[in-house]
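Here is the structure we will look at.
Below, chain A is the first sequence line, B the second, and so on; all start at residue 1.
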Amino acid sequence: MSPAYYLYLSAILFTVGAAGFLLRRNAVVVFMCVELMLNAVNLTLVTFARINGTLDGQIIAFFVMVVAAAEVVVGLAIIVTIFRTRQSASVDDVNLLKY
Amino acid sequence: MSGLAHLGTASYALQQTTKGEAVIFWLLAPIAVLAAMAMVLSRRAVHSALLLAVVMLCLATFYAAQDAPFLAFVQVIVYTGAIMMLFLFVLMLVGVSSADSLVETLRGQRAAAILGGLGFAVLLIALIGSAVSSMTVRGLTAANAGGNVQGIARLLFTRYVFAFEATSALLITAALGAMVLTHKELLVPKATQRQLAARRFADGDPSPLPGPGVYADHDAVDTPALLPDGSVAPGSVAPVLESMSAARFPRPDVLPLAEGDPQP
């Protein structure tokens, strides 16, 4: 088995996450799809670190994790705030600026 | 030069991974892909969260198999532990009963998303296939010689130290932002207990709501209380539970009275 299979797997996971991002309406689930895409990219980074024989890929994956943690905190806070004012977690209901 | 030649032979040996790693990969990769797809397709957000945790644990195992033990543990602790818990907390706040609406607001969006996803996957896989054909795998044996954590720490505190410092600023900003965003401004003074009692009497229903399971055939929280005439007492079951149990237990509003029961 070649390590390239990890790259194929992460491509598939990234695609599933991107499709879910377009398909789902619940803001929390949409956010989970973003997390899935970030995780898929992390797998790519770790695999390339191994292919290239340096640890830089793992460092970048580590930074991705840190930024993802900060992003989740702020994003979920925004979702909670919107839910408080609009009583809905659906991304379709956030349309005040549309008309 | 001799070092380079040594690296060349090592890379040839690492082109094929060990048999154990192949077993782990072919065991967990289908689980990860199926869990990801089920996450996207499941109606309930809680199921999505748990399936995403499965994907993350599979990825942690892959990190461990790819000479990244530090990242494997960070993945389990930060992602599966902290981030997924945060997601579940928010799901509890936002309401577990909120199922996705199935109405398409943009016509053809769903089909376009699936087609676009398939096309994107084919494109990515073809690109990877053409890129890895001439790939040599060096492996992390040399880089991890002094330990994986030590190697990462050496890079983190030398070459990437500015990014590391920026990360600390980012984390503080995120924590402050979350506090500011979720802070609730009190527009009117909080009602005292006396005011609450007065409001309850003014509404004409001073007694507490009937508890679930009173005079019912079951004392579970999702079993509604029954009134003396056998009808379901309104308000005896929390709305969330009502919406969840309505699908599982379709309950007639008035239960038929048996022969020997006293007539109301």
message = Minimum heavy-atom separation for V46(A) and A68(B), please, with both atom names.
response = CG1-CB, 4.0 Å
Structural part of A163(B) lying under 4.5 Å from a heavy atom of chain A = both
key: Distance in Å, F31(A) CZ paired with L52(B) CG, rounded so as to fall on 0.5 Å steps   = 11.5 Å
Interatomic distance, M32(A) atom CE to M56(B) atom CE [nearest 0.5 angstrom] = 9.0 Å
message = Please classify the contact of L55(A) with chain B as side chain, backbone, both or neither, using a heavy-atom distance under 4.5 Å.
response = both
Which atom of F83(A) lies closest to which atom of V94(B), heavy atoms considered = CZ-O, 3.0 Å
key: Engaged part of Y6(A) at the chain B interface, taking heavy atoms whose separation is under 4.5 Å   = both
key: Straight-line distance of L124(B) CG to I12(A) CD1, nearest 0.5 Å   = 10.0 Å
message = If I compare all heavy atoms of I128(B) with all of L7(A), which pair ends up nearest, and what's the gap?
response = CD1-O, 3.5 Å
remark   = Nearest heavy-atom contact between A113(B) and L23(A) is CB-CD2, 3.9 Å
request  = With a 4.5 angstrom heavy-atom cut-off, could you sort out which part of V33(B) is near chain A: side chain, backbone, both or neither?
outcome  = both
key: chain B interface, residue from N52(A), V80(A), I78(A) that has the most non-hydrogen pairs under 4.5 Å   = N52(A)
ask   = When heavy-atom pairs shorter than 4.5 Å are enumerated against chain A, which of F164(B), F62(B), F25(B) gives the highest number?
value = F25(B)
inquiry  = Show, in sequence, the C-alpha distance, side-chain angles and deciding distance for D56(A) and R159(B), and conclude whether the side chain to side chain contact (heavy atoms under 4.5 Å, CB included) test is met.
reply    = CA-CA 10 Å; D56(A) 296 71; R159(B) 195 186 301 168; 2.6 Å; yes
ask   = Any side-chain heavy atom of M65(A) sitting closer than 4.5 Å to one from L71(B)?
value = yes
ask   = Is the backbone N or O of V40(B) less than 3.5 Å from a side-chain atom of R24(A), with the two atoms forming a donor-acceptor pair by type?
value = yes
Criterion side chain to side chain contact (heavy atoms under 4.5 Å, CB included) on L43(A) and Q66(B), from CA distance to verdict = CA-CA 10 Å; L43(A) 182 61; Q66(B) 296 212 75; 3.9 Å; yes
message = Using every non-hydrogen atom in the two residues, find where T15(A) and F120(B) come nearest and quote the distance to one decimal.
response = OG1-CD2, 3.9 Å
request  = Could you tell me whether F63(A) atom CZ has more than 12 heavy atoms of other residues or ligands within 6.0 Å of it?
outcome  = yes
ask   = Contact part of L9(A) toward chain B, heavy-atom cut-off under 4.5 Å: side chain, backbone, both or neither?
value = side chain
request  = Just do the side chain to side chain contact (heavy atoms under 4.5 Å, CB included) check on Q58(A) and N148(B) with the steps written out, would you?
outcome  = CA-CA 10 Å; Q58(A) 292 189 14; N148(B) 179 249; 3.2 Å; yes
key: Heavy-atom pair count under 4.5 Å with chain A, highest-scoring of A49(B), A82(B), A32(B)   = A49(B)
note = Between F62(A) and the options L156(B), L155(B), I152(B), the side-chain contact (heavy atoms from CB on, under 4.5 Å) test singles out L156(B)
remark   = Applying a strict 4.5 Å limit to non-hydrogen atoms, the region of K19(B) in contact with chain A is neither
request  = Please report the C-alpha distance between V72(A) and F87(B) in whole Å, then the side-chain angles of each, then the deciding distance to 0.1 Å, and finally whether the side chain to side chain contact (heavy atoms under 4.5 Å, CB included) criterion is met.
outcome  = CA-CA 8 Å; V72(A) 161; F87(B) 267 110; 4.3 Å; yes
note = Checked L86(B), V180(B), L127(B) vs chain A; the most non-hydrogen pairs under 4.5 Å come from L86(B)
message = Among residues at least two apart in sequence or on other chains, which ones pass side chain to side chain contact (heavy atoms under 4.5 Å, CB included) with F89(B)?
response = none
query = For A11(A), is it the side chain, the backbone, both or neither that has a heavy atom under 4.5 Å from a heavy atom of chain B?
reply = both
Atom of Y8(A), atom of G129(B) and distance for their closest heavy-atom approach = OH-CA, 3.2 Å
query = Just checking, is any N or O donor in the side chain of Q75(B) or N39(A) under 3.5 Å from an acceptor N or O on the other one?
reply = yes
key: Partner chain A: residue of V78(B), V132(B), I83(B), D67(B) with the largest heavy-atom pair count (under 4.5 Å)   = I83(B)
request  = Quick one: pull up OG1 in T81(A) and CG in L181(B) and give me the separation to the nearest 0.5 Å.
outcome  = 5.0 Å
key: Under 4.5 Å from a heavy atom of chain B, the part of T47(A) involved   = both
query = Is there a donor-acceptor pair closer than 3.5 Å between any side-chain N or O of R84(A) and the backbone N or O of T182(B)?
reply = yes
request  = Look at the side chain of E71(A) and the backbone N and O of A174(B), then say whether any donor-acceptor pair between them is shorter than 3.5 Å.
outcome  = no
inquiry  = Please report the interatomic distance CZ(R50(A)) to CZ(R138(B)), rounded to the nearest 0.5 Å.
reply    = 14.0 Å
request  = Take atom CE of M37(A) as the centre, draw a 6.0 Å sphere, and report whether it contains more than 12 heavy atoms from other residues, nucleotides or ligands.
outcome  = yes
remark   = If one checks every heavy atom of Y79(B) against chain A at 4.5 Å, the contacting part turns out to be side chain
inquiry  = As an exercise: rank S48(B), A143(B), A175(B), G116(B) by heavy-atom pairs under 4.5 Å with chain A and give me the winner.
reply    = S48(B)
task = To the nearest 0.5 Å, tell me how far L59(B) CG sits from L13(A) CG.
result = 6.0 Å
